[in-house]
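Letters go in sequence order (proteins before strands), and every chain restarts at 1. Atoms considered below: every heavy atom in the structure, side chains included; atoms not considered: hydrogens, waters and symmetry mates. Owing to the predicted nature of the structure, the values given are computational and were not obtained by experimental measurement.
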Number of protein chains: 4
Amino acid sequence: MTYPRNDPDMDEPIQGNQLKSIVERIERLEEEKKTISDDVKEVYAEAKGNGYDVKILRRVIAIRKRDANERAEEEAILDLYLQAVGETA
Amino acid sequence: MTYPRNDPDMDEPIQGNQLKSIVERIERLEEEKKTISDDVKEVYAEAKGNGYDVKILRRVIAIRKRDANERAEEEAILDLYLQAVGETA
Amino acid sequence: MTYPRNDPDMDEPIQGNQLKSIVERIERLEEEKKTISDDVKEVYAEAKGNGYDVKILRRVIAIRKRDANERAEEEAILDLYLQAVGETA
Amino acid sequence: MTYPRNDPDMDEPIQGNQLKSIVERIERLEEEKKTISDDVKEVYAEAKGNGYDVKILRRVIAIRKRDANERAEEEAILDLYLQAVGETA
DNA sequence: GCGCATTGATGGCTGC
DNA sequence: GCAGCCATCAATGCGC
């Protein structure tokens, strides 16, 4: 295992604080993610309550996302081909 | 946020709008989730840049999360026991 | 951890043999997979030697695979919709 | 299996066939890989049906693989040392 | 040595 | 309510 800024003269507490800060930032972000995931579930549940077929709804979302990804993919391929023929993308 | 109940007599276009609203809300939330996920990656990348071992860092996060879950679990069991013996939790 | 056929009267060596057999079958299959993976790498290397752009080649393969998956996906969705409107698929 | 060298003067359609051949060979190999992967899943499923803990089973496989790699690694180092002291490996 | 691509693991959702 | 399935996410390995 390696340690950051392996400098004997360095103030030690700062390293500890830095690590602590990193961990806390990540944990905070993960909490936010969870909150949003829960919101998504809520929306689906509500939709279900309004008579929508959740399974199909999920498919709709997935398809729209896939289409968006495809567009991005096509752009990437185009760039690749342009590079391959010596054009600047 | 409130929503109209699922009324078969309702004007159909409105339902269309409702569906559209649902899809857009979900997609919006998913985008937010992605933004946060990217933020998390950034923090890890930054930590790596500061010499931290990302793999181990992830373990730290995972362990703390597991411990938190376990504590919650223990609390729940404790509450159960307290209720079982007629105590108010 | 649970154990299979937790029967005290059972012949013990058979359990050991069964587990051994499982592990060996998996390891044998994994070896086969590795062989084939190496073959794939060889083909890419050869293609590269013939002047093909491997990165683009990989994209081609990926796109063809994606398209195949999409066709399957569309079939699945069609089935869903048919079911949703009460048709037998 | 042998292949014609990449000759710029070569008839172009043949190159097209060459590309096609490459793609088909790769796709064929990928299919084989998938077949074997499915076989592996089957074995795990069967093991599960016999009461084995799949998660642990996977660990067993992983550990044995790691150990095998380590042994190979040690052999390689040994060979290096033997060569370094003028011994034939 | 880094980034990418594949592969494996985990957790959530659906159907029985 | 649980098992199987699927989708997401992390980890390993490969190539540049």
Between side-chain atoms of residues 33-44 of chain B and protein atoms elsewhere (two or more places apart, or another chain), which donor-acceptor pairs fall under 3.5 Å?
residue : atom : partner : partner atom : Å
B:Lys34 : NZ   : B:Asp38 : OD1          : 3.3
B:Lys34 : NZ   : B:Asp38 : OD2          : 3.0
B:Thr35 : OG1  : B:Glu31 : O            : 3.0
B:Ser37 : OG   : B:Lys33 : O            : 3.2

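- Partners of D:Glu70 according to the side-chain contact (heavy atoms from CB on, under 4.5 Å) rule, which considers only residues two or more places apart in sequence or in another chain, are D:Arg66, D:Asp67.
- Position along DNA chain E of the nearest nucleotide to C:Arg59 versus D:Ala62 favours C:Arg59 as the more 5'-ward residue.
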- request: Decide yes or no on side chain to side chain donor-acceptor pair (under 3.5 Å) for B:Tyr52 and B:Glu46, but give the supporting numbers first.
  value: CA-CA 9 Å; B:Tyr52 290 99; B:Glu46 187 185 311; over 6 Å; no

Could you run down the sub-3.5 Å N/O contacts of the protein with nucleotides 14-16 of chain E?
residue : atom : partner : partner atom : Å
E:dG15  : OP1  : A:Lys55 : NZ           : 3.1

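- To the nearest angstrom, C1' of E:dA5 lies 15 Å from CD1 of C:Ile63.
- Between the NZ atom of B:Lys41 and the C1' atom of E:dC4 there is a distance of 13 Å, rounded to whole Å.
- Using a 4.5 Å cut-off between side-chain heavy atoms of Ile, Leu, Val, Met, Phe, Trp and Tyr, with links allowed through other members, B:Leu78 and B:Leu80 fall into different hydrophobic clusters.
- Residue contacts for C:Lys33: at a heavy-atom cut-off of 4.0 Å it reaches the sugar-phosphate backbone alone, with no base atom in range.
- For the pair B:Tyr44 and D:Asn69, nearest-nucleotide mapping onto DNA chain F gives the more 5' position to B:Tyr44.
- Atom-to-atom, NZ of D:Lys34 to P of E:dT7 comes out at 11 Å; the value is rounded to the nearest Å.
- Between chain C and DNA chain F, the heavy-atom contact criterion of under 4.0 Å yields a 5' to 3' nucleotide range of F:dC14 to F:dC16.
- Within the model, atoms CG of C:Asp53 and CG of C:Leu57 stand 8.0 Å from one another, a figure rounded to the nearest 0.5 Å.
- A search for side-chain hydrogen bond (donor to acceptor under 3.5 Å, both in side chains) contacts involving A:Glu27 returns B:Arg64, not counting sequence neighbours.
- Taking atom CG of residue D:Asp39 and atom P of nucleotide E:dT7, one finds them 15 Å apart after rounding to whole Å.
- We find that A:Arg28 and A:Glu24 are not joined by a salt bridge, their nearest charged nitrogen and carboxylate oxygen being 4.0 Å or further apart.
- In this structure, C:Ile36 atom CD1 and E:dT7 atom P are separated by 12 Å, rounded to whole Å.
- Rounded to whole angstrom, the span from the CG atom of D:Asp53 across to the P atom of E:dA9 amounts to 12 Å.
- With sequence neighbours left out, D:Arg59 forms a salt bridge (Lys or Arg N to Asp or Glu O under 4.0 Å) with no residue at all.
- Summarising the local packing, OH of A:Tyr81 is surrounded by more than 12 heavy atoms from other residues, nucleotides or ligands at distances under 6.0 Å.
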